[in-house]
Amino acid sequence: MTVGGDDYRSQGARRRLVQELKTKGIGDAAVLEAVGRVPRHLFFEDTALRSHAYEDKAFPIGCGQTISQPYTVAFQTQLLELRRGHRVLEVGTGSGYQTAVLAAMGAKVWSIERHRPLYLATRGRLEAMGHKAALYHGDGFLGLPAYAPYDRVLVTCGAPFVPDALVEQLRPGGILVIPVGEGAVQRMVRIRREVDGALVREEHGDFRFVPMLAHRQ
Ligand code: SAH
């Protein structure tokens with residue numbers, strides 16, 4: 001990854017953000033290291049907002065969507081129990097920030113976005129940064145069967161239910177992290193697919209995401 005457009009001020013702000021995430025309970029050293037390395041300000045379409053990039057907040061990225069709050073990105077990534085070399089499917093590419101965090105941790109990432117303008121902008125951005133993530137314009141309810149099975153599946157929009165396709169595309173031993181709920185608030189759900197095929201479901205608190213919608217635009 002190039003650090004073009006990065007500077008000491010941003011690096012310092014990232015170090016403070018990492019401390020803030022630690023204080024808020026993120027303990028996975030590999031996640032914190034990745035947040036400390038990925039230049040979040042370069043994922044903001046609106047350059048006027050870049051000075052706020054290391055605040056622990058979500059911001060608009062166009063098409064009525066948002067770049068997720070760093071705490072949420074770190075929390076979801078921590079729940080994934082990610083290892084280097086894992087094959088990861090992400091639903092909801094958005095700005096590509098979460099994608100870049102996964103890639104920085106050594107994952108091989110496939111990511112789907114339903115808004116074509118976001119898909120195009122983010123594809124250009126990640127390419128320019130030297131990331132090798134494979135981006136697709138499509139409907140995340142269907143997953144991406146062509147490259148399944150995945151070690152990990154991560155959904156970064158609020159799903160009305162757990163789509164069967166995403167569970168089916170998980171390899172035995174794999175983990176799906178998905179915020180589930182139709183209202184303004186979603187439960188963070190983690191589903192582990194055991195080697196014998198059994199599904200173990202846990203809930204990890206309440207979060208607010210933009211909704212997961214069917215049909216690409
Ligand atoms: N990880 C992103 C989060 C963006 S918000 C980031 O931090 O920037 C969630 C994204 O999910 C939005 O870009 C939205 O357009 C997308 N989305 C919503 N429904 C979807 C679907 N069915 N398939 C793929 N992407 C979807």
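Indexing begins at 1, ligand by ligand and atom by atom, following the structure's order. Sequential numbering from 1 along the given sequence is applied to the chain's residues.
- Legend: ring pair (Phe, Tyr, Trp, His ring centres under 6.0 Å) pairs involving residues 180-209, not counting sequence neighbours, sorted by first then second residue: F75-F207.
- Geometrically, ligand 1 and V73 share no nitrogen or oxygen pair separated by less than 3.5 Å.
- Scanning P70, G140, G92 for the heavy atom closest to atom 11 (O) of ligand 1 points to G92.
- The shortest N/O to N/O separation between L118 and ligand 1 does not fall below 3.5 Å.
- Applying the 4.0 Å criterion to heavy atoms of T66 picks out, from ligand 1, the atoms 3 (C), 4 (C), 5 (S), 8 (O).
- When non-hydrogen atoms are compared, ligand 1 lies under 4.0 Å from the side chain of V210 (C-beta onward) but not from its backbone.
- Between G173 and R152, the closest heavy-atom pair is O-NH1, 3.8 Å.
- Residue contacts with ligand 1 for Q65 involve side-chain atoms from C-beta outward but no N, CA, C or O (heavy atoms, distance under 4.0 Å).
- The shortest separation from a heavy atom of P211 to ligand 1 is under 4.0 Å, placing the residue in contact.
- Hydrophobic clustering (ILVMFWY, side-chain heavy atoms < 4.5 Å, transitive): Y71 and V185 are in distinct clusters.
- Judged by the shortest distance from any of its heavy atoms, T99 lies outside the 4.0 Å radius around the atoms of ligand 1.
- Aromatic ring centroids of F161 and F141 lie under 6.0 Å apart.
- The cationic group of R50 does not satisfy the cation-pi geometry with F44, failing either the under 6.0 Å distance to the six-membered ring centre or the 45° limit from the ring axis.
- Put simply, V162 and M212 are part of the same group of oily side chains (I, L, V, M, F, W, Y) that touch within less than 4.5 Å, one to the next.
- Of all atoms in ligand 1, numbered sequentially from 1 with element shown, those under 4.0 Å from a heavy atom of G94 are 4 (C), 8 (O), 13 (O).
- Test L154, V38, V73 against L102 for side chain to side chain contact (heavy atoms under 4.5 Å, CB included) and you get one pass: L154.
- Residue pairs satisfying the side chain to side chain donor-acceptor pair (under 3.5 Å) criterion with at least one member in residues 57-68, sequence neighbours excluded, are listed as follows: E55-K57, Q65-H115.
- Remark: ligand 1 and D139 share an N or O pair separated by less than 3.5 Å (distance only, no angle test).
- For ligand 1, the polar-atom distance check against Q98 finds no nitrogen or oxygen pair separated by under 3.5 Å.
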